[in-house]
Amino acid sequence: MALTIGVDIGGTKVAAGVVDEDGRIVENLLRPTPAQSPEKVAETIAEVVRELSKGRSVEAVGLGAAGFVDETRSVVRFAPNLAWREEPLQKKVSDLVGLPVVVENDANAMAWAESRFGAGRGETHLVCVTVGTGIGGGIVLDGALYRGRWGMGAELGHIQAVPGGRLCGCGNLGCWEQYASGNALVHEAKEIATAEPGRAARLLEIAGGTPDRIEGQEVTQAAGEGDPAALAAFSSIAGWLAQGLADLTAVLDPGCFVLGGGVSRAAEFWFDEVRDTYARIVTGRGHRPPVEIRLAELGASAGLVGAADLARRL
Ligand SMILES: [Zn+2]
């Protein structure tokens, strides 16, 4: 069976694996990302590819990169959490390993994996929303990954949700990811705990008594113990998520949404509310066939599986 290698390069970890035609990971490994040096990142990728290729015939390599990738799927124009600026990643890695290489945005690679092998199997029109620290997005239309004119499409986290709202890492104000992500969850919880400490009694206790120490883990634990402030913080991001999905439906008319990322691990506190609110507000409701909202199935390996499968299609 033909094998390809997928490598998912994030701000802190490089996750790589040999993947077969059915999206199964045959062997995988993990390395820290030498984030400050583009040369070292390329060398690390080459090392993991060589290691995984030992004793195997590998056809091609797919790289999932946390950044803006150009329309030729070769150059990483910019990466917020890595030192890549106009980085010719495809050529560098291809020269080092002697195999065909394709570069894809990591969220796009995840969406592709979910559409091929995960929660979106069999769907031709799908939007994948990765709810982590921020929001990542990937869109599959007519069975193909939608990349936009310059390869920079599907940056869903940066749709403006609130005019003049919270400052985003991208430099704009009020982006969706400032209201509907893991960071937003923590922001909401801190605000409530500061304004109404009585309502956040358990949350504050878990966080050592001060709102500044509240992180996602504390909010999840407190929600599990019924803390009203933690539950309200989850409810807030559920509302913003539902609104964003409804807006995306108005534009793209997908058959299904797949929600993944770190926040989806605490889905019991927000997922039903997203579905209910979405059904209540989506335009054309009552006349539109139901759009399914599902949780992602492939977890943290989605990026490398998707990148490997895209490499197969070179
Ligand atoms: Zn933004």
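The structure displayed is predicted, hence computed values, not measured ones. Counting starts at 1 for both ligands and their atoms, following the listed order. Excluded from the calculations below are hydrogen atoms, water molecules and symmetry mates; all remaining heavy atoms, backbone and side chain alike, are included.
Membership of the apolar cluster around F68 extends to F78, M152, as traced through chained side-chain contacts below 4.5 Å between ILVMFWY residues.
Between R121 and E114 there is no salt bridge, since no side-chain N of the basic residue sits under 4.0 Å from a carboxylate O of the acidic one. The pair E191-R199 fails the salt-bridge criterion, with no side-chain N (NZ, NE, NH1 or NH2) lying under 4.0 Å from an Asp/Glu carboxylate O.
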Side chain to side chain donor-acceptor pair (under 3.5 Å) evaluation trace for T4 with R312: CA-CA 6 Å; T4 54; R312 197 179 297 288; 3.2 Å; yes
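At a cut-off of 2.8 Å, measuring from the Zn ion (ligand 1), the protein N, O or S atoms that fall short of it are H158 ND1, C168 SG, C170 SG, C175 SG, waters left aside.
Exactly one residue among L185, L231, L259 makes a side-chain contact (heavy atoms from CB on, under 4.5 Å) with W270. That residue is L259.
Closest of all the heavy-atom pairs between A242 and Y278 is CB-N, 3.7 Å.
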